[in-house]
*Asks:* 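Here it is, the structure, as C-alpha cells.
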Amino acid sequence: MPELPEVETIVRSLRDGGQFGPSVLGRRVDAAYVDWPRTIAEPEAESFQGLILGRSITAVSRRGKHIVLHLDEGFLVIHLRMSGDLRVEEAFDAAGEAVPFRKHDRVGLTFHDGYRMVFHNPRKFGRMWLTDNTRHLFKKLGPEPLDDALTREDFFIMLQHHKRQIKPLLMDQTFLAGMGNIYTDEALFAARIHPLTISHQISAEQAGVLLEEIRAVLQEGIRRNGSSIDWAYRGGTFQNEFQVYQRTGEDCPVCGTEIERIVVGQRGTHFCPHCQPLL
DNA sequence: CACGTCACCTGCGTGC
DNA sequence: TGCACGCAGGTGACGT
C-alpha cells in the first residue's frame with residue numbers, strides 16, 4: 001500500500017499515534033526479530049540484530065516513499081515497496097506471554113515498554129536500512145511534489161529536460177519522489193493529459209496545471225488516510241474517490257466515455273480517451 | 001538517454 | 001475441486 005499519501009499516513013501514525021497504533025517516539029529497542037533476512041538491506045542481517053539494540057526513536061519523517069525513523073544514533077529507513085505494512089502493538093498478552101507474530105511478519109522490533117513495531121510484508125519486496133547517514137539512500141531522489149519550493153516554472157523546465165512518456169516519468173523517483181500508479185493515473189486524469197504524452201510537448205500552462213493536480217490528489221489522498229484496496233486494508237478511504245484507477249469499462253465521471261486500460265511501462269494504466277486525448 | 005523485459009515474491013480472482 | 005493464468009499500491013538490473 002505504498003505511495004506518498006499512504007506512507008505519510010503511516011508516518012503520522014508512528015509519530016503522533018493513530019489508527020495503526022501508538023506513537024513510537026521515545027521507545028527504545030530491546031529485541032529484534034528477523035524472519036526474512038533479505039529485508040535488511042544494510043547492514044548484514046546478523047549484525048543488524050545486535051546494532052539496533054538499545055537505540056531509541058527520537059523523530060519520524062518521510063522522504064518520497066521512504067519512512068525515516070530518527071534514532072538517538074543513526075537512522076532506520078524503511079521502504080514498504082508493494083505490499084509492506086507497519087503496525088505498533090503490545091508485544092505481550094495479559095499473562096505476559098509474547099504475542100505470536102502473524103503470517104508474513106518479516107521484522108519485529110520490541111521496545112523497552114512492552115510494545116513492538118512489526119513490518120508485515122507478504123511479497124518480501126520491502127527493505128530496511130540501519131545507517132548513520134541517509135545521504136546515499138536519498139541522493140538520487142527527485143523533489144518532493146508537495147514542497148512549495150518546487151514551482152510551476154521549475155516543473156515545466158523539468159518536463160522540458162526529458163523526452164519521455166509522461167506517466168513513467170512521473171513515477172520515476174529520480175524525477176519526482178512519491179508518485180505511484182494510483183495517484184499518477186488520477187493526477188493525469190485531473191489534468192486531462194494522456195499518459196503517453198511526451199513530457200517535452202507539455203506546454204508551460206499544462207505543466208502548471210499538472211503540478212497543481214498532482215498536489216491536489218496527493219493532499220486529498222493524505223486527508224483520506226490513503227487508499228485501501230483488497231488485501232491491504234489500512235482504514236483509508238481515498239479508493240472511494242478514484243475517478244479512473246481500476247475503473248476500466250466504467251463511465252468517465254466527467255463525460256461518460258468508457259474508461260480504458262492500457263499497459264504503460266508494465267503498469268496497468270487507466271484513463272478517459274475523450275478527456276485525455278493523445279495530441 | 002529512453003524503453004522493453006525480466007526478476008524479486010505471495011495471494012487472489014477468473015475461467016476452463 | 002484443481003489448476004493455469006493474469007493481476008497487484010515498487011524498483012533495480014539488463015539488453016537494445
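Each chain gets a letter, A, B and so on, in the order its sequence line appears, and its residues count up from 1. Predicted, not measured: the structure shown is a model, and the values here were computed from it.
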*Asks:* Looking at A:R27 and A:D113, is any side-chain nitrogen of the basic one under 4.0 Å from a carboxylate oxygen of the acidic one?
*Replies:* yes

*Asks:* Distance check needed: C:dG10 P versus A:Y245 OH, whole Å only.
*Replies:* 8 Å

*Asks:* Knowing that exactly one of A:V11, A:L69, A:I67 qualifies, which makes a side-chain contact (heavy atoms from CB on, under 4.5 Å) with A:L86?
*Replies:* A:I67

*Asks:* Check whether the aromatic ring of A:F125 stacks on the base of C:dT11, taking stacking as ring centres less than 5.5 Å apart and planes within 30° of each other.
*Replies:* no

*Asks:* Using the C1' atom on both, measure C:dC3 against B:dC8 and round to a whole Å.
*Replies:* 23 Å

*Asks:* May I ask you to list the residues of residues 127-143 of chain A, by number, that have any heavy atom positioned under 4.0 Å from an atom of DNA chain B?
*Replies:* none

*Asks:* What's the verdict on ring pair (Phe, Tyr, Trp, His ring centres under 6.0 Å) for A:Y245 and A:Y183, showing C-alpha distance, side-chain angles and the deciding distance?
*Replies:* CA-CA 8 Å; A:Y245 183 75; A:Y183 294 90; 8.9 Å; no

*Asks:* With under 30° as parallel and over 60° as perpendicular, where do the rings of A:H70 and A:F75 fit, or are they tilted in between?
*Replies:* perpendicular

*Asks:* With pairs defined as Watson-Crick or G-U wobble and both distances under 3.5 angstrom, please note down DNA chain B as a dot-bracket string, | for pairing with another strand.
*Replies:* .|||||||.|||||||

*Asks:* What nucleic acid atoms does A:R267 come within less than 4.0 Å of, heavy atoms only: base, sugar-phosphate, or nothing?
*Replies:* base

*Asks:* Specify the closest pair of heavy atoms between A:C272 and A:V244, including all atoms of both residues, with the distance to one decimal.
*Replies:* N-CG1, 4.4 Å

*Asks:* CD1 of A:I78 to CH2 of A:W129: how many Å apart, nearest 0.5 Å?
*Replies:* 9.5 Å

*Asks:* In residues 177-189 of chain A, what residues come within less than 4.0 Å of DNA chain C, judged by heavy atoms?
*Replies:* A:G180, A:N181, A:I182

*Asks:* Rounding to an integer number of Å, can you tell me how far A:H79 NE2 sits from C:dG10 P?
*Replies:* 8 Å

*Asks:* Could you tell me whether A:F271 and A:F189 have their ring centroids closer than 6.0 angstrom?
*Replies:* no

*Asks:* Strictly under 3.5 Å: I want the nitrogen or oxygen pairs between protein and nucleotides 2-4 of chain B, one per line.
*Replies:*
{"unit_1": "B:dA2", "atom_1": "OP1", "unit_2": "A:K163", "atom_2": "N", "d": "3.2"}
{"unit_1": "B:dC3", "atom_1": "OP1", "unit_2": "A:Q165", "atom_2": "N", "d": "3.3"}
{"unit_1": "B:dC3", "atom_1": "OP2", "unit_2": "A:R164", "atom_2": "NE", "d": "3.3"}

*Asks:* Determine the Euclidean distance between corresponding C1' atoms of B:dC1 and C:dG10; express it in Å to zero decimal places.
*Replies:* 22 Å

*Asks:* If we count only N and O atoms by modelled type, under 3.5 Å, do the side chains of A:D185 and A:H270 hold a donor and an acceptor together?
*Replies:* yes

*Asks:* For residues 257-279 of chain A, which residue pairs qualify under salt bridge (Lys or Arg N to Asp or Glu O under 4.0 Å), counting only residues two or more places apart or in two chains?
*Replies:* none

*Asks:* According to the salt bridge (Lys or Arg N to Asp or Glu O under 4.0 Å) rule, which pairs have a member within residues 190-212 of chain A, sequence neighbours left out?
*Replies:* A:R152-A:E212, A:E212-A:R215

